[in-house]
Amino acid sequence: MKTEVFFSNIKKEIISKLRNSNTSIRVAVAWLTDEDIIRELKLKSEQGVNVTVVISNAKENFKSTSKFKDFIKNKGKLYIATQKFMHNKFCILDDTIIINGSYNWTYYACSSEENIMILYIDKSIKQDLDILNKFNSKYNYFCNKLSQLILHPVDLENYKEVGKDVSIVLSILDETEINLRQDLENDVKKSIAEAISINIPISNLLLERMKIDGGGVEFIKRILHDEITSGDMKSGFKRLEEPIPHRVDLSLEFLVTKPKYNSLFSEIEIEFCKKLMSKYNLL
């Protein structure tokens with residue numbers, strides 16, 4: 001059996017493996033609050049992959065339920081373990097890859113000391129097949145004996161009240177991250193609306209693109225990646241440059257320089273935007 005172990009960039013590895021799955025994704029994770037990962041699960045379900053998720057009934061999982069609701073609406077199956085506290089953190093992909101370790105699928109885990117081991121199953125090897133069968137057997141137990149299937153998105157609201165209080169620290173930090181991301185998305189919408197109100201030709205289709213990208217953070221990161229690698233600014237920024245006086249204070253790049261949002265972006269992204277804004281005396 002081929003194995004890999006990761007102590008850093010764990011979220012990146014998990015998302016990469018999810019994106020490459022073709023037939024089935026079976027997730028059993030105690031805490032699942034990272035909306036980037038939930039979005040990937042939703043996208044795979046939309047693509048026809050059979051996606052099933054089991055989470056614990058910890059209240060932290062239900063602070064923000066909008067992404068779970070989208071997941072369910074797009075044919076994802078969500079189970080909530082209610083009989084015992086489900087503390088596992090593993091997933092089975094296409095019955096050929098198992099990811100297992102300490103890493104909860106949360107924003108908080110990104111800043112913790114965590115690990116995952118990735119097992120690549122060779123079904124021609126009995127030992128590999130035995131391991132796969134044990135994980136699948138436990139997963140089936142979670143779904144059939146331990147958990148409640150959420151049939152309607154509105155049912156998630158009940159768990160905000162009846163869920164278990166388990167990790168106050170995780171709850172506070174993940175709720176802070178989620179709220180910060182929402183604040184950024186709202187600021188992007190305000191900037192676009194203001195630009196349009198003063199007749200700068202910015203397309204409302206940007207809002208649809210932001211939704212496709214999974215929110216304001218990923219939307220901005222994609223644009224910054226293109227600008228940094230190509231050395232050429234996007235058309236939206238150029239249009240904000242044209243008026244006299246310019247209105248680059250309405251740009252996505254300006255939002256990145258705000259101290260409030262620094263934790264959402266890399267040092268390279270922040271420095272790129274600061275250097276750009278200094279040309280316009282905005283820092």
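- Contact between A195 and L240 at its shortest, heavy atoms only, is CB-CD2, 4.2 Å.
- Between atom CD1 of residue I14 and atom CG of residue L93 there is a gap of 10.0 Å, rounded to the nearest 0.5 Å.
- A donor-acceptor pair is defined here as one N or O able to donate and one able to accept, closer than 3.5 Å; no such pair exists between the side chain of S45 and the backbone of L41.
- Side-chain contact annotation: N104 with T106, donor-acceptor N/O pair under 3.5 Å absent.
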When you look at D95 and L132, which way does the side-chain contact (heavy atoms from CB on, under 4.5 Å) test go after all the steps? CA-CA 7 Å; D95 268 354; L132 174 64; 3.8 Å; yes
I'd like to know whether V53 forms a side-chain contact (heavy atoms from CB on, under 4.5 Å) with K77, so could you lay out the CA-CA distance, the side-chain angles of the two residues, the decisive distance to 0.1 Å, and finally the verdict. CA-CA 6 Å; V53 174; K77 294 179 182 178; over 6 Å; no
Is there a ring-ring contact (aromatic ring centres under 6.0 Å, His included) between F90 and W105? Walk through the geometry before answering. CA-CA 10 Å; F90 72 82; W105 293 12; over 10 Å; no
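- Going from atom CG of D187 over to atom NZ of K189 covers 11.0 Å, rounded to the nearest 0.5 Å.
- In this structure, F62 and F68 have tilted ring planes: the angle between them lies in the 30° to 60° band.
- With contacts defined as side-chain heavy-atom distances shorter than 4.5 Å, the pair L129/I121 does not qualify.
- The salt bridge (charged side-chain N to carboxylate O under 4.0 Å, His left out) pairs that include a residue from residues 257-271 are D183-K260, K221-E269, where partners are two or more places apart or lie in different chains.
- Remark: K190 NZ is loosely packed, at most 12 non-hydrogen atoms of other residues, nucleotides or ligands lying under 6.0 Å away.
- N61 places a side-chain N or O within donor-acceptor distance of the main-chain N or O of S56, the cut-off being under 3.5 Å.
- V49 and Y139 fall into different hydrophobic clusters, where Ile, Leu, Val, Met, Phe, Trp and Tyr are joined by side-chain heavy atoms under 4.5 Å apart, directly or via other members.
- When side chains are defined from C-beta on, L252 does not count as touching F237, because their heavy atoms never get closer than 4.5 Å.
- Minimum heavy-atom separation, I202 to G236: CD1-O, 3.7 Å.
- With hydrogens and angles ignored, the 3.5 Å screen pairs a side-chain donor or acceptor of H246 with a backbone N or O of V248.
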Could you go through the side-chain contact (heavy atoms from CB on, under 4.5 Å) check for N262 and T257 one step at a time? CA-CA 7 Å; N262 281 180; T257 67; 5.8 Å; no
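- V188 and M210 get closest at one heavy-atom pair: CG1-SD, 3.8 Å.
- Scanning both residues, D94 and N22, for their nearest heavy atoms gives OD2-N, 2.9 Å.
- If you chain together hydrophobic residues whose side chains sit under 4.5 Å apart, L119 and V29 never meet in one group.
- For the pair R39 and D36, the salt-bridge criterion is met [side-chain N within less than 4.0 Å of a carboxylate O].
- With hydrogens and angles left out, the side-chain atoms of N9 and E13 include no donor and acceptor closer than 3.5 Å.
- Contact record, Y261 with L255: CD1-O, 3.6 Å, taken as the closest heavy-atom pair.
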Yes or no on side-chain contact (heavy atoms from CB on, under 4.5 Å) for I118 and T3, after CA distance, side-chain angles and deciding distance? CA-CA 6 Å; I118 302 179; T3 62; over 6 Å; no
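- The heavy-atom pair separating I25 from S21 by the smallest distance is CD1-OG, 3.1 Å.
- Residues N100 and N88 have side chains that never bring a donor and an acceptor to within less than 3.5 angstrom of each other.
- Residues I97 and I99 form a side-chain contact, since some pair of their non-hydrogen atoms from C-beta on lies under 4.5 Å apart.
- Looking only at distances, no side-chain donor or acceptor of S16 sits under 3.5 Å from a matching main-chain atom of K12.
- A salt bridge does not link K134 to D130: none of the charged side-chain nitrogens sits closer than 4.0 Å to a carboxylate oxygen.
- Within a 6.0 Å radius of CD1 in I268, other residues, nucleotides and ligands contribute 12 heavy atoms or fewer.
- A salt bridge is absent between K123 and D128; no separation between the charged side-chain nitrogens and carboxylate oxygens falls under 4.0 Å.
- In this structure a side-chain-to-backbone donor-acceptor pair under 3.5 Å is present from K44 to R19.
- To the nearest 0.5 angstrom, D155 atom CG is 10.5 Å from L78 atom CG.
- Hydrophobic clustering, with ILVMFWY side chains joined whenever heavy atoms are under 4.5 angstrom apart, keeps Y103 apart from I98.
- For the atom pair CD1 (I192) and OG (S251), the distance works out to 11.5 Å, reported to the nearest 0.5 Å.
- A salt bridge does not link E227 with K234: none of the charged nitrogens is closer than 4.0 Å to a carboxylate oxygen.
- Interatomic distance, K67 NZ to I178 CD1, rounded to the nearest 0.5 Å: 8.5 Å.
- No side-chain heavy atom of Q127 sits less than 4.5 Å from a side-chain heavy atom of M1.
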Go through D232 and S230 one step at a time and tell me if the side-chain hydrogen bond (donor to acceptor under 3.5 Å, both in side chains) criterion holds. CA-CA 5 Å; D232 189 31; S230 71; 5.4 Å; no
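- Linking ILVMFWY residues whenever their side-chain heavy atoms come closer than 4.5 Å, directly or via other members, leaves I200 and L205 in distinct clusters.
- Ion pairing of R247 with E194 is present here, as a side-chain N (NZ or NE/NH1/NH2) and a carboxylate O approach within less than 4.0 Å.
- Side-chain contact annotation: T33 with E60, donor-acceptor N/O pair under 3.5 Å absent.
- A cation-pi contact, defined as under 6.0 Å to the ring centre and within 45° of the axis, links K2 to Y120.
- With rounding to the nearest 0.5 Å, the separation of NE2 in H152 from NZ in K73 is 13.0 Å.
- Residues that satisfy the side-chain contact (heavy atoms from CB on, under 4.5 Å) test with L146, not counting sequence neighbours, are A81, Q83, K84, M86, Y141, F142.
- Here the side chains of T52 and C143 are in contact, with some heavy-atom distance below 4.5 Å.
- The backbone N or O of N115 lies less than 3.5 Å from a partner atom in the side chain of S102, making a donor-acceptor pair.
- Both V256 and F219 are assigned to one and the same hydrophobic cluster, defined by single-linkage of ILVMFWY side chains at heavy-atom distances under 4.5 Å.
- In this structure, a donor-acceptor pair under 3.5 Å is absent between the side chains of R26 and N50.
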